[in-house]
Amino acid sequence: MNAAKSIVFWVHLTLGVGAGLVILILSLSGMLLGYERQMIAWIDGGPTVVPTPGAARLSLDALLERAAIDRADVASLALRSDPSVPVIVRFPDPRRRPVMLNPFTGAGIDPPANTPARRTFAWIRQWHLFLGSPEGPLRTAAGAVSGAAMLALVLLVPLGIYLWWPSTWTKASLGATVMFRRGLTGRARDFNWHTTAGVWSALPLFLVALTAVFLSYQWPGVWLDRVLGAPAPASAPKPVVGMPFVKEAAASPSTLFASAERLRPAWQTMTMTLATARGPSVQVAIAEGNTFRPDLRTTVVLDPVSAAPVRVTTYSSLSLSRRLLAWVRNSHTGEAFGVAGQTVATAASAGGVLLAWTGLALAWRRFSRWRARRRA
C-alpha cells in the first residue's frame, strides 16, 4: 500500500470506527422506514369515504355549513382530488384537534387510531431521527450526533471507493470485490461483504447521506445559496398597523378554491391557509401528479377579498439553489421518484447496515491482532 492509500485507509478506518455504530442504527432504522406509508396503509388502512353512486362533492362553503363550523374559526383546509379521501379542517387554536369531514355529506370521520403499527413506526422514526432520545437537551445532542455521523458517511463513501479502486482491472480482481462469494469465513468474508456492499450501494448511499446532512444542518443550504447566488426569499406581506382585519369581507372558501383550481386544474392535493389578522393573505399549496416531487408543486397567494392571484410561485421560478434544496427531503426517502425511488433508498440503507457491521468487524479483528502481537 503506497503512502497516499495508507493515509486514506487510516482516515477511513478512524471515521468508520468513530461513527460506525450510529451509522448502523440510522441505516437499520432507515431501511425499516423505507415503505412506512405503504405498510401502515396495508396493515391499518386509512380513513376513507365510500360515496353513494351519483353523489357530488359538496362545495367547501356547504361542507363547513353541514359540519356546523364557522368559517371564521378555520385556519386551513386540506383536500385531495380523490373523492374517497376526507377533507381536513384545522383551527387557529393548536389545542383544538383537526376535524376530518366526509366531502359528500359533511359528517365527521374518526381520525386514525394510534394502532400498534403506527406506534412501532413512530418508535423506529424516533431512533432514526434522535437515536431513541426523549424530549429535551439529550434529543438535541442526539440529533447533532446523527448529523455528524451522516457527514462522516459522506466522506467514508468516496474514501472507500478510492481504497477499492483496482490498480489493474481484471476479471479476477473485480470478481473478488464486487460479487458476494460463498464459503468464506472470518476476515475474508467480512472484507468481501464490505467491498461488495460498498461498490453496489456507493452512489445511492452517498446521496442518502448527503441529503441527511442538508436535513440535519442549516449551513449546507446557506453555503449553497451563497455559491449559486440565490436571492433572499420574498417576505410575507405584513398587516397594516391600525387597519383591523375584517373577516366579513373575506372571500368564501369556495371562491378561493375555485380561483386556485383555475390555475392548476390537474391538482392532486391542495392545502389552503386562510387569512388572519397576522397573515392577511390566503396561501394555497398545490401539488400535481406525484405529490412528493417539488417540480410539480405550486404556491399561490390569493387576495382574501377578491380571491384574485397576487403571486404564483412555481418550481421554475425558484433560484437554482432553491430548486436543488427542494428535492432534499423527499430524495432522502426516495419518495420523489415513486416506489422505485423508495426501493433504491431502502436498498442503500440495507447496504449501509452491511457496511457498518462488516466495517466494525474488520476494525475489531485488526485491533485483536494488534493486541495479540503486543502480548507476544
Side-chain angles (χ1 to χ4, degrees), residues 30 33-49 51 57 60 63 74-90 98-104 109 111-112 117-118 121-122 125 128-129 204 207-208 211-212 214-215 221 233 253 256-274 282-302 309 311-318 322-346:
L33 292 170
Y35 301 101
E36 179 185 5
R37 285 186 301 106
Q38 292 90 337
M39 291 296 294
I40 290 178
W42 178 63
I43 297 171
D44 294 337
T48 57
V49 176
R57 296 178 65 155
L60 292 181
L63 187 72
V74 177
S76 67
L77 294 159
L79 51 157
R80 288 178 175 268
S81 58
D82 183 355
S84 66
V85 179
V87 176
I88 301 176
V89 182
R90 293 183 172 85
V99 174
M100 305 181 75
L101 301 178
N102 185 317
F104 297 92
I109 298 174
R118 294 178 185 273
F121 278 106
R125 199 181 313 113
H128 189 67
L129 296 175
L207 294 176
V208 167
T211 52
F214 275 85
L215 291 171
L256 296 168
F257 168 76
S259 178
E261 188 178 38
R262 282 193 294 270
L263 291 172
R264 289 292 182 269
W267 68 279
Q268 294 293 318
T269 65
M270 187 182 299
T271 301
M272 186 161 52
T273 304
L274 302 182
V282 177
Q283 295 200 21
V284 187
I286 306 172
E288 303 172 80
N290 178 358
T291 57
F292 294 97
R293 281 179 49 176
D295 58 326
L296 299 178
R297 295 177 184 172
T298 304
T299 302
V300 181
V301 176
L302 300 176
R311 184 170 68 247
V312 178
T313 304
T314 62
Y315 176 79
S316 59
S317 67
L318 299 174
R322 293 289 106 182
R323 292 200 298 269
L324 293 174
L325 292 172
W327 286 93
V328 168
R329 171 64 181 82
N330 292 324
S331 293
H332 180 71
T333 62
E335 291 171 302
F337 309 100
V339 176
Q342 288 179 265
T343 302
V344 171
T346 302

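Along the sequence shown, residues are numbered consecutively beginning with 1. Keep in mind it's a predicted model, so treat the numbers as computed, not measured.
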Open item on the list: Is the shortest side-chain heavy-atom distance between Pro309 and Leu302 below 4.5 Å?
Closed with: yes
With sequence neighbours left out, the residues meeting salt bridge (charged side-chain N to carboxylate O under 4.0 Å, His left out) with Arg37 are Glu335
Interatomic distance, CG@Leu77 vs CG@Leu60, rounded to 0.5 Å, equals 5.5 Å
Are any side-chain N or O atoms of Arg297 and backbone N or O atoms of Tyr315, one a donor and one an acceptor, separated by less than 3.5 Å? no
Is there side-chain contact between Val89 and Leu101, with heavy atoms separated by less than 4.5 Å?
yes
Intermediate values then yes/no, side chain to side chain contact (heavy atoms under 4.5 Å, CB included), Leu325 and Leu318: CA-CA 10 Å; Leu325 292 172; Leu318 299 174; over 6 Å; no
Residues passing the salt bridge (charged side-chain N to carboxylate O under 4.0 Å, His left out) test with Arg329, sequence neighbours excluded, are none
Ala117 meets the side chain to side chain contact (heavy atoms under 4.5 Å, CB included) criterion, sequence neighbours left out, with Ile43, Asp44, Thr115
Residues passing the ring-ring contact (aromatic ring centres under 6.0 Å, His included) test with Phe337, sequence neighbours excluded, are Trp327
Salt bridge (Lys or Arg N to Asp or Glu O under 4.0 Å) pairs touching residues 259-270, sequence neighbours excluded, are Arg264-Glu288
By side chain to side chain contact (heavy atoms under 4.5 Å, CB included), Pro86 pairs with (sequence neighbours left out) Pro47, Val49, Met100, Ile109
Arg118 meets the side-chain hydrogen bond (donor to acceptor under 3.5 Å, both in side chains) criterion, sequence neighbours left out, with none
Salt bridge (charged side-chain N to carboxylate O under 4.0 Å, His left out) filter on Arg80, not counting sequence neighbours, yields none
Item to check | Pair Leu263-Thr298, side chain to side chain contact (heavy atoms under 4.5 Å, CB included): steps then yes or no | outcome: CA-CA 10 Å; Leu263 291 172; Thr298 304; over 6 Å; no
Thr48 meets the side-chain hydrogen bond (donor to acceptor under 3.5 Å, both in side chains) criterion, sequence neighbours left out, with none
- Side-chain heavy atoms of Leu274 within contact of Leu256, under 4.5 Å: yes
Taken in chain and number order and not counting sequence neighbours, the residues that satisfy ring-ring contact (aromatic ring centres under 6.0 Å, His included) with Phe292 are none
Across all chains, not counting sequence neighbours, the side-chain hydrogen bond (donor to acceptor under 3.5 Å, both in side chains) partners of Ser84 are Asp82
Across all chains, not counting sequence neighbours, the side-chain hydrogen bond (donor to acceptor under 3.5 Å, both in side chains) partners of Thr211 are His332
One should read off an interatomic distance between Met270 CE and Ser81 OG, to the nearest 0.5 angstrom, of 9.0 Å
